[in-house]
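Everything below concerns the one structure shown next.
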Amino acid sequence: MSLIDELAQLEGEARALIEGADTADKIEAARVALLGRKGSLTNAMRMMGKISPEERPAVGKRANELRRMIETMLEQSASSVRAQAMESLMATEAVDVTLPGVRPALGHQHLISAIIEEMEDVFCGMGYTVEPGRQVETTYYNFTALNAPEDHPSRSARDTFYVVDNAAGTAEHAEKHARGESDILLRTQTSGQQVHALERGELPIYMISPGTVYRPDTPDACHLPQFNQVEGLVVDEGITFGDLKGTLDTFIRAMFGQDRKTRYRPHFFPFTEPSCEVDVSCNVCHGEGCSFCKHTGWIEILGCGMVDPNVLEMSGVDSERYTGFAFGIGVERVAALRYDLPDLRALMTGDMRFLAQF
Ligand code: DAH
C-alpha cells in the first residue's frame, strides 16, 4: 500500500477512534495511539524517509493535514466531554440558593446572671465596687474569721461540702482548729469575701461580691445544693445602722418597686451584731396576708447586720476607728419573688422552654 493510501486509511481509523472516545481517559488513550511516540501517525511519518523526493511534498502535506485534523478532533471531543461532566455535576449537586437557610438557635443570658447584673447596677449606682470571689475556701475564711465558734453546727460535714478532710465536726477536727489549722471546703456563703476585702486593709470599703455557694441540701422546690448570693460590705468611719437601713431600703425598692415596705427583724449571725433578717411586703396581697406570704404579709429577702468588732480586729482593722455593715442576698430567692417561680430546680435544668421566658 502506498503511504498516501495508508494515510487515507489512518484518517478513517482516527475518526472512528476519536468518535468512540466518550471519556477523558479514552480521549487520552486515542491521542497516545495516534500521535504518541509509537502512535500510528508517528509511525507513518517515519516512513517519509523511504519515499521518493518527488512524492515527499504531497505526502508531507497530507500527513500534516491529518495531524491537524486529529488534534482538532481530540480537542473538540475533550471539550464536549468536559461540558457533559459539568452538566451532570450541576444536575446532581445543584444547590438551590433561593431556599431559606436554617437559623441557628441562639441562647441568651441566664435569669440568675441577669438578676446579678441588675443588683450590680443598683449598687454601682451607689458607688460600690464589684469583687470576684473564690468558690473553694478554707475553714478560716468561711467560718473562723467570721467569728463562727468551733462548735457552730454549720461547720459540720452534714452542712458543708469538705474537699479535704472529712473529719469535720469530730473531736480530732476541733483539735486541729484549736491549733489554727484550716480545712478546704466549697464555700457555704459568700461572707468569706468580707474577710478577703478587710485583709487588704484598703479603707474605706464599699463592695459587693456575687457568686455561687454550696450546701449539702437535697434539692426541692425551695432549696438547691448550689445557689448564688450577693455579699455586701461597707466599712468606713462613722457608719451606723441608719446607713444600713437606708442602703438596703434603696436596693429593695430599686429591685422590687418603689411602693414596697421593708421590715427589719432581729436575728443572729456570728459575724454581725446586731443582726437582722429583712422582709419585703408581699406583692400579691400588699401586706393583707395570702398563701404566697404564708399569711404574714411579708417575704424574707436577706440577712444583714453591723459588722462585729471581732471580725474587724481579726483581719487587722481598727474597730475603734471604723464601723461597718454587711448583708447577704439570696439571688434565687430574688428571682423566685420577681417571677413567682414555683420550683427553683427549673433554674438548674437548662431547659430552654423554661429559661427562654426571661
Ligand atoms: N451569710 C449568710 C447566710 O448565708 C447571709 C448573711 C447574713 C450575710 C448577714 C451577711 C450578713 O453579710 O450580714 O445565711
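Counting starts at 1 for both ligands and their atoms, following the listed order.
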### Message
Given a heavy-atom cut-off of 4.0 Å, could you list the residues near ligand 1 in chain and number order?
### Response
Gln189, Ser191, Gln194, Arg215, Gln229, Glu231, Phe269, Phe271, Thr272, Gly303, Cys304, Gly305, Ala326, Phe327, Gly328
### Donor + acceptor pair across side chains of Tyr141, Glu199 (<3.5 Å)
yes
### Query
Between Phe358 and Phe354, what is the ring plane arrangement, given parallel below 30°, perpendicular above 60°, and tilted in between?
perpendicular
### Message
For Asp5, give me all partners under side chain to side chain contact (heavy atoms under 4.5 Å, CB included), at least two apart in sequence or on another chain.
### Response
Met1, Ser2
### Message
Can you tell me how far apart OG (Ser40) and CG (Leu17) are? Round to the nearest 0.5 Å.
### Response
8.0 Å
#### Entry: Criterion ring-ring contact (aromatic ring centres under 6.0 Å, His included) on Phe327 and Phe269, from CA distance to verdict
CA-CA 11 Å; Phe327 53 89; Phe269 295 106; over 10 Å; no
### Message
Measuring only between side-chain heavy atoms, which start at C-beta, is Ile329 closer than 4.5 Å to Gln229?
### Response
no
